[in-house]
Amino acid sequence: MEFPLENLNELLLPLAALAVISGLVGLVIGMLWRRSKAGEMEEKAQKRAQRLFKEMEVQHRAELLEEKRKWHDAREAQEEEINSRQSALDNQEQDMMVREKECEQRLDSLKDREDQAGLREEELEKLEEKFNTQQVRLKEAASEYRNRLESLARLTAEEAKQQLHDELIHDVKQEAEHRVRDILKTAQANANREARNVVTLAISRCAVDQSTQTSVAVVPLPNDQIKARIIGKDGRNIRTFEAASEVKVMVDDTPEAVVISCFDPIRREIARTAMADLVSNGKITQSRIEETITRAREQIDSRLLSEGQQTVNQLKLKPMHPEMMKLVGRLRFRSSYGQNALDHSKEVAFLTGMMAVEIGLDELLARRCGLLHDVGKALDHEMEGSHPEIGLAFAEKYGEPEEVKNAIIAHHNDENEEITSPITFLVAAADAISGARPGARRNDPEDYVRRVVELEELARAFDGVADAYAINAGREIRVMVRPDQVDDERTHLLASEISQKIRNDLTYPGHIKVTVIREKIAHRMTNKRDDQQQGGRRRSYGRNRNRRHSPTPSGQAAG
């Protein structure tokens with residue numbers, strides 16, 4: 001079935017209009033729905049805003065109330081502070097008023113005193129005028145009196161002053177000598193007592209044997225046939241040995257023994273060790289001699305270090321540089337006046353440590369000072385300078401303490417060296433004890449004679465000395481003085497001067513006792529004739545003998 005085109009257009013137009021109307025109605029309905037929803041949301045938002053506004057208003061009111069409360073509290077605190085300050089100002093004002101009144105009163109009193117001072121000043125001026133007048137009169141009277149005294153005494157004022165000055169000086173000197181003598185007696189008694197206790201205790205706790213060494217060493221031989229091998233063909237072996245060891249070998253003087261001579265104890269000991277090794281082996285050639293001497297040097301070098309280490313351990317000292325320990329070990333082969341240097345140093349170390357304990361000083365440091373005080377003697381025959389200078393150089397090189405350095409350089413009480421440590425005094429005392437005790441050192445007759453001569457000449461050089469005699473092996477000197485030149489008081493001073501002179505000029509181990517003797521003999525003869533007896537004559541002699549002994553210990557220990 002076919003529809004015509006005009007009918008189709010007529011049918012579609014109403015349908016399109018209806019669709020348009022339906023769309024418009026839907027749009028209007030949607031807009032109305034949305035508007036209703038927006039109204040509801042707006043209403044809800046307004047309610048929420050109103051609720052938030054109320055909450056904020058309540059919070060704001062609470063904050064305002066809190067601020068008002070704080071403001072009221074601050075206002076009350078400020079009012080209280082203002083009130084307290086006002087009360088303090090009131091109190092200060094009252095105090096100022098009181099002080100002002102006091103100042104006014106004081107001002108009034110000062111004015112009164114000023115008026116009184118003016119009156120007194122006028123009185124003083126009047127008194128001063130009177131005083132000046134009286135002073136002029138007194139000077140005139142004194143001048144007249146002086147003139148009369150000079151005419152009566154036949155001395156001028158200057159001569160009288162000089163005479164009085166001389167008498168005063170003489171009296172003061174006598175008084176000073178009395179005082180010095182009393183002080184010296186008291187100090188010497190106390191010092192001797194304390195020193196005697198300390199030294200006696202130290203000596204009683206220390207005892208070291210001493211040995212006398214010479215410049216030769218003897219090596220025993222199993223038989224005399226081995227001497228030919230020691231000498232060698234045409235003397236080659238012995239010349240090689242002497243050249244390599246720098247000693248002198250004597251094989252013909254002593255049976256079954258070889259004598260090695262050398263002033264250097266280390267070289268002598270090396271040669272002795274090498275010779276003993278060669279003799280025990282029996283094979284003696286030039287090459288073996290040189291090898292044996294080289295090995296002996298190494299052995300002795302090791303022995304020196306071991307000896308030094310053993311000594312340090314024995315004295316319980318802190319470790320020291322190996323070279324210093326070698327020097328200590330070398331002292332084993334060094335002697336002074338027949339006294340072994342190492343034994344002497346150990347004895348001094350023990351004595352110094354014991355005395356240091358008694359007076360409250362460091363015992364180990366004192367032992368170290370005592371051990372190293374003569375360490376320079378290990379090389380004094382190889383280097384220039386005295387053994388204190390050599391020892392000080394090595395102590396500075398290897399970092400020894402200052403006390404040790406001072407003990408090394410100043411233990412002989414040399415005036416050129418300042419003693420800065422009390423331990424040095426102990427080292428000097430221990431050195432004197434070790435060197436001066438009986439049997440410690442060997443003294444030659446020439447030394448004894450020289451000591452006696454020097455002591456006597458030194459004492460005779462003083463004014464007023466008649467003669468002097470050294471006794472007791474030079475450990476005491478007795479000085480005879482002229483009684484007309486030296487009085488009793490002068491004897492004490494003379495003994496002190498001689499003692500000081502000996503201490504400064506002479507060097508001997510131990511102490512030297514000085515005794516000054518003054519003897520005056522007065523003779524008087526009286527004649528008396530008795531009328532009841534015929535020609536009777538009696539003779540009386542008066543004799544006054546006055547002796548004064550002034551023993552004073554002196555001297556210095558010489559190492």
Side-chain angles (χ1 to χ4, degrees), residues 199 202-203 205-213 265-266 269 303-356 362-383 386-395 398 400-401 403-413 421 423-437 439-442 509-510 557-559:
V199 173
I203 293 176
R205 294 169 57 189
C206 177
V208 179
D209 295 332
Q210 305 295 340
S211 62
T212 300
Q213 297 182 355
I266 302 298
E269 182 64 18
R303 181 180 172 186
L304 295 178
L305 181 59
S306 175
E307 188 79 29
Q309 183 66 55
Q310 183 179 358
T311 302
V312 171
N313 296 337
Q314 182 181 0
L315 295 174
K316 299 179 180 179
L317 303 180
K318 294 181 180 179
M320 61 178 63
H321 196 276
E323 294 299 326
M324 288 296 292
M325 287 193 292
K326 285 184 180 180
L327 292 179
V328 173
R330 289 176 70 94
L331 294 176
R332 171 60 66 190
F333 305 100
R334 178 72 162 82
S335 62
S336 177
Y337 296 97
Q339 186 180 28
N340 184 266
L342 181 58
D343 292 339
H344 166 69
S345 297
K346 290 196 291 185
E347 184 177 11
V348 171
F350 280 118
L351 291 172
T352 306
M354 294 171 189
M355 289 188 287
D362 190 346
E363 179 183 8
L364 295 181
L365 181 59
R367 286 186 178 182
R368 195 181 192 93
C369 294
L371 176 65
L372 299 178
H373 79 286
D374 275 346
V375 71
K377 288 186 177 181
L379 296 173
D380 60 350
H381 57 283
E382 298 179 3
M383 300 176 61
S386 62
H387 74 273
E389 295 174 350
I390 297 173
L392 177 62
F394 278 91
Y398 298 117
E400 290 296 324
E403 292 83 356
V404 175
K405 298 177 186 177
N406 187 249
I408 292 174
I409 194 64
H411 70 274
H412 284 310
N413 290 334
S421 171
I423 297 179
T424 303
F425 291 102
L426 301 182
V427 172
D431 189 24
I433 295 170
S434 176
R437 64 183 180 83
R441 295 183 174 182
R442 182 183 71 250

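All heavy atoms count here, side chains included; hydrogens, waters and symmetry mates do not.
- Rounding to the nearest 0.5 Å gives a distance of 6.5 Å between CD1 of I390 and CG of L379.
- Once rounded to the nearest 0.5 Å, the distance linking OG1 of T352 with CG of L315 reads 10.5 Å.
- Shown here for I408 and A395, the closest heavy-atom pair between the two residues is CD1-CB, 3.8 Å.
- The backbone N or O of Q309 sits less than 3.5 Å from a side-chain atom of N313, completing a donor-acceptor pair.
- When atom types are taken as modelled, the side chain of R334 and the backbone of K377 share a donor-acceptor pair closer than 3.5 angstrom.
- The distance from the NE2 atom of H321 to the NZ atom of K326 is 9.5 Å, given to the nearest 0.5 Å.
- For L364 against L317, the heavy-atom pair with the smallest separation is O-CD2, 3.5 Å.
- Taking every heavy atom of both residues into account, R332 and N340 meet most closely at O-ND2, 2.8 Å.
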Apply side chain to side chain contact (heavy atoms under 4.5 Å, CB included) to V328 and V312, showing your working. CA-CA 9 Å; V328 173; V312 171; 5.8 Å; no
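- Going from atom CD of Q314 over to atom NZ of K316 covers 10.5 Å, rounded to the nearest 0.5 Å.
- Relative ring orientation between H373 and H411 is described as perpendicular, the plane-to-plane angle rising above 60° on a 0-90° scale split at 30° and 60°.
- In this structure, the side chains of R330 and I266 come closer than 4.5 Å at one or more pairs of heavy atoms.
- A distance of 5.5 Å separates CG in L351 from CD in E347, rounded to the nearest 0.5 Å.
- In terms of heavy atoms, D374 sits closest to H387 at OD1-NE2, 3.1 Å.
- Shown here for L371 and A349, the closest heavy-atom pair between the two residues is N-CB, 3.7 Å.
- Atom NZ of K405 and atom CG of L372 lie 12.5 Å apart (nearest 0.5 Å).
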Using the rule given for side chain to side chain contact (heavy atoms under 4.5 Å, CB included), can you reason through F394 versus L327, listing the C-alpha separation, both sets of side-chain angles and the distance that settles it, and then say yes or no? CA-CA 9 Å; F394 278 91; L327 292 179; 3.6 Å; yes
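- Contact annotation: the side chain of E307 never approaches that of F333 to less than 4.5 Å [non-hydrogen atoms, C-beta and beyond].
- Salt bridge E403/R368: absent, no basic N to carboxylate O contact under 4.0 Å.
- Residues N406 and T424 have side chains that bring a donor and an acceptor to within less than 3.5 angstrom of each other.
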